[in-house]
Chemist: 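A single structure is presented below for examination.
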Amino acid sequence: MDKIVALCKRRGFIFPGSEIYGGLGGTWDYGPLGVELKNNIKREWWKSMVQSRSDVVGVDASIMMNPQVWVASGHVEAFTDPLIECKICHQRFRKDQTTGLVGAAQRFLISDHEKNHKEKVEWTEPRKFNLLMETFLGVTEPKQKVYLRGEITQGAFVNFENVVNSTRVKIPFGIAQVGKAFRNEITPGNFTYRSREFEQMELEFFIKNDDKEGKKWFEYWKEQRVKWYESLGIKKENIRTRVHEDTERAHYAREAEDIEYKAPFGWSEFEGIHNRGDYDLSAHGLKYKTDAEEFTPWVIETSGGTDRSALFFLIDAYREDGDRVVLKLHPKLAPYKAAIFPLLANKPELVEKAKGVYDDLKKNYMVAWDERGNIGKRYFAQDEIGTPYCLTIDFQTLEDDTVTVRDRDTTKQERVKVKDLSALLAQKLA
Ligand code: GAP
């Protein structure tokens, strides 16, 4: 973990939020490479969940919603974690009663804390702590209290009728969304894993209201989602699903399973598959109406975290080979698809030729430019950030218009015509 955190800071993936002012607990800023990685994850998710399907449409709802949404959804009442306080120093922790492994990580924090005191630590009784964040709107006092959305989900539900009426969707169909959510987590930690501001990628899939359909679509989406992570390179042995204990399920869930990753801090959830039944649409008084029928659909939800995915893709891709560090990110996720090097920075004819290749590829791909130091060092620098291909423009290029293409994973090199580079990248990224 320490190596990942250091790499993220050094190379510009992830920085502590508001760092020059001492930070702000549970917030993180994505740097030049981090934003590319995150955008790539979101783009691939959208491609797989919306673009390539005829039964899913997207929305992008507001972060601030009428507070009644959160009363109706049950979050004002039930979106809580159990909070306990150390009676000696008054530091507060989340007391997770579950047997889940996130729970185990929390218990580790608590037992760690007990070691900080010489005397025996006593804890207060657990009390419910609501995770919704508040902000205030308007120009006259008292300003209106609203919540920052604690899950992006409700934006899909409150627009259910709008989507049905403005599109041609018919049940079964889904509404997909990607966006920020906010939770006043009691104990943010494990780098970006538990943050107070984070991004979710969610599908709300509306189905007929019965158990058989529920089971069928739950299994279908669980399988799709696991396959998606594996298709982008997560190793099979590092991913699993885990059924929620009865005590663990969220207030809206009839059935819930987590997709977990074998993180350095233990198996940890990065996506939840939930059967929310008719909980939400009923709560908002919404129904599905056609000429033939009227009923309250059930919802199968897939709810993933972009930040947790980004973290786990990074961890899964990290390799050390002697003193060479390689991020074997899937090319679709890699921040840069290729890096372009003129062999020598002080030969204008090489630099000019390389600039031409760079400018051309830039039109369609994120590509890096590097002319510093020797080629070996430049390869190492690109390996460390996961760039799958390095293209070197040398003296032979000036004669036969070919460049050296070096592959990050095999370190093999081949010569390719400049005019074929774009097609080659397209093929490698397909
Ligand atoms: N709409 C359902 C829902 O929000 P959840 O299990 O509470 O379900 C879904 O959250 C996903 O959102 C999690 O699997 C995780 O990837 C991400 N997530 C939740 N809380 C988070 C936090 N504090 N920091 C980072 N990601 C978080």
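Ligands are counted one by one from 1 in listed order, and the atoms in each one are counted from 1 as well. Computation of the quantities below employed the complete heavy-atom set of this structure, encompassing side-chain atoms and omitting hydrogens, waters and symmetry-equivalent molecules. Sequence positions, counted from 1, serve as the residue numbers for this chain.
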Chemist: Below 4.0 angstrom from a heavy atom of Glu271, which ligand 1 atoms are there? Numbered from 1 as shown, please.
Modeler: 14 (O)
Chemist: Throw together a table of side-chain donor-acceptor distances under 3.5 angstrom for residues 321-328, partners on residues two or more places apart or in other chains.
Modeler:
from: Asp321; atom 1: OD2; to: Arg324; atom 2: NH1; distance (Å): 3.3
from: Arg324; atom 1: NE; to: Asp383; atom 2: OD2; distance (Å): 2.7
from: Arg324; atom 1: NH2; to: Asp383; atom 2: OD2; distance (Å): 3.3
from: Arg324; atom 1: NH2; to: Arg408; atom 2: O; distance (Å): 2.8

Chemist: I need the atoms of ligand 1 closer than 4.0 Å to a non-hydrogen atom of Glu202, numbered in the order shown.
Modeler: 1 (N), 2 (C), 3 (C), 4 (O)
Chemist: Is there a ring-ring contact (aromatic ring centres under 6.0 Å, His included) between Phe93 and Trp123? Walk through the geometry before answering.
Modeler: CA-CA 10 Å; Phe93 291 90; Trp123 298 95; 5.6 Å; yes
Chemist: Go through ligand 1 atom by atom and flag the ones less than 4.0 Å from a non-hydrogen atom of Thr153.
Modeler: 1 (N)
Chemist: Measuring from the heavy atoms of Arg276, does anything fall under 4.0 Å of ligand 1?
Modeler: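 It does, in that a heavy atom of Arg276 comes within the 4.0 Å cut-off of ligand 1.
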Chemist: Quick check on the 6.0 Å ring-centre criterion: do Phe270 and Tyr229 meet it?
Modeler: yes
Chemist: Roughly how far apart are Phe205 CZ and Ile300 CD1, rounded to 0.5 Å?
Modeler: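 If I round to the nearest 0.5 Å, the distance is 9.0 Å.
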Chemist: May I ask you to decide if the ring planes of Phe173 and Tyr288 are parallel, tilted or perpendicular, using 30° and 60° as cut-offs?
Modeler: tilted
Chemist: Judging by distance only, is a nitrogen or oxygen of Glu269 under 3.5 angstrom from one on ligand 1?
Modeler: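 Min N/O separation from ligand 1 is below 3.5 Å for Glu269.
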Chemist: Mark up the atoms of ligand 1 that fall under 4.0 Å of a heavy atom belonging to Phe270, in ascending order.
Modeler: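 Within the 4.0 Å cut-off of Phe270, ligand 1 contributes 14 (O), 16 (O).
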Chemist: Quick one: look at Tyr252 and ligand 1, take heavy-atom pairs under 4.0 Å, and tell me if it's side chain, backbone, both or neither.
Modeler: side chain
Chemist: Heavy atoms only: give me the nearest Val169-Val164 pair and the separation to one decimal.
Modeler: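 Taking every non-hydrogen atom into account, CG2-CA, 4.1 Å.
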Chemist: Under 4.0 Å from ligand 1, counting heavy atoms only, is it the side chain of Glu199, its backbone, both or neither?
Modeler: neither
Chemist: For ligand 1, does Glu301 get within less than 4.0 Å through its side chain, its backbone, both, or neither, judged by non-hydrogen atoms?
Modeler: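 Answer for Glu301: side chain.
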Chemist: Among all protein heavy atoms in this structure, tell me which lies nearest to atom 25 (C) of ligand 1, with the distance rounded to 0.1 Å.
Modeler: Tyr193 O, 3.1 Å
Chemist: Flag the pair Lys227 and Glu230 as a salt bridge only when some basic side-chain nitrogen lies within less than 4.0 angstrom of an acidic carboxylate oxygen.
Modeler: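 No, Lys227 and Glu230 are not salt-bridged.
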Chemist: Considering non-hydrogen atoms of the protein only, which is the closest contact for atom 18 (N) of ligand 1, and what is the distance?
Modeler: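 Going by distance alone, atom 18 (N) of ligand 1 is nearest to Phe198 CE1, 3.5 Å.
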Chemist: Would the Phe206 and Phe160 ring centres measure less than 6.0 Å apart?
Modeler: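 Under 6.0 Å, so yes.
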Chemist: Identify, by atom number and element, the atoms of ligand 1 in contact range of Ser303, meaning under 4.0 Å from any of its heavy atoms.
Modeler: 1 (N), 2 (C), 3 (C), 4 (O), 8 (O), 9 (C), 10 (O), 11 (C), 14 (O)
Chemist: Using the salt bridge (charged side-chain N to carboxylate O under 4.0 Å, His left out) rule, collect all pairs that involve residues 281-295, keeping only residues at least two apart or in two chains.
Modeler: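 Pairs touching residues 281-295 that pass the test: Lys208-Glu293.
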Chemist: How many angstroms lie between CD in Glu269 and CD in Glu248, if you round to the nearest 0.5 Å?
Modeler: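 Going from CD on Glu269 over to CD on Glu248, the span is 8.5 Å.
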Chemist: Starting from atom 10 (O) of ligand 1, which protein heavy atom do you reach first, and at what distance in Å?
Modeler: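 The closest heavy atom on the protein side is Gln200 NE2, 3.4 Å.
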Chemist: Can you check which of His274, Arg183, Arg308, Arg194 brings a heavy atom nearest to atom 21 (C) of ligand 1?
Modeler: Arg308
Chemist: Check each atom of ligand 1 against the heavy atoms of Gly305 and keep those under 4.0 Å away; list them by number with element.
Modeler: 16 (O), 17 (C)
Chemist: Relative to the heavy atoms of Ser195, which atoms of ligand 1 are at a distance of less than 4.0 Å?
Modeler: 22 (C), 23 (N), 24 (N), 25 (C)
Chemist: Please lay out, stage by stage, how Asp307 and Lys38 fare under the test side chain to side chain contact (heavy atoms under 4.5 Å, CB included).
Modeler: CA-CA 8 Å; Asp307 309 83; Lys38 220 153 79 129; 3.3 Å; yes
Chemist: Mark up the atoms of ligand 1 that fall under 4.0 Å of a heavy atom belonging to Glu151, in ascending order.
Modeler: 1 (N), 2 (C), 3 (C), 4 (O)
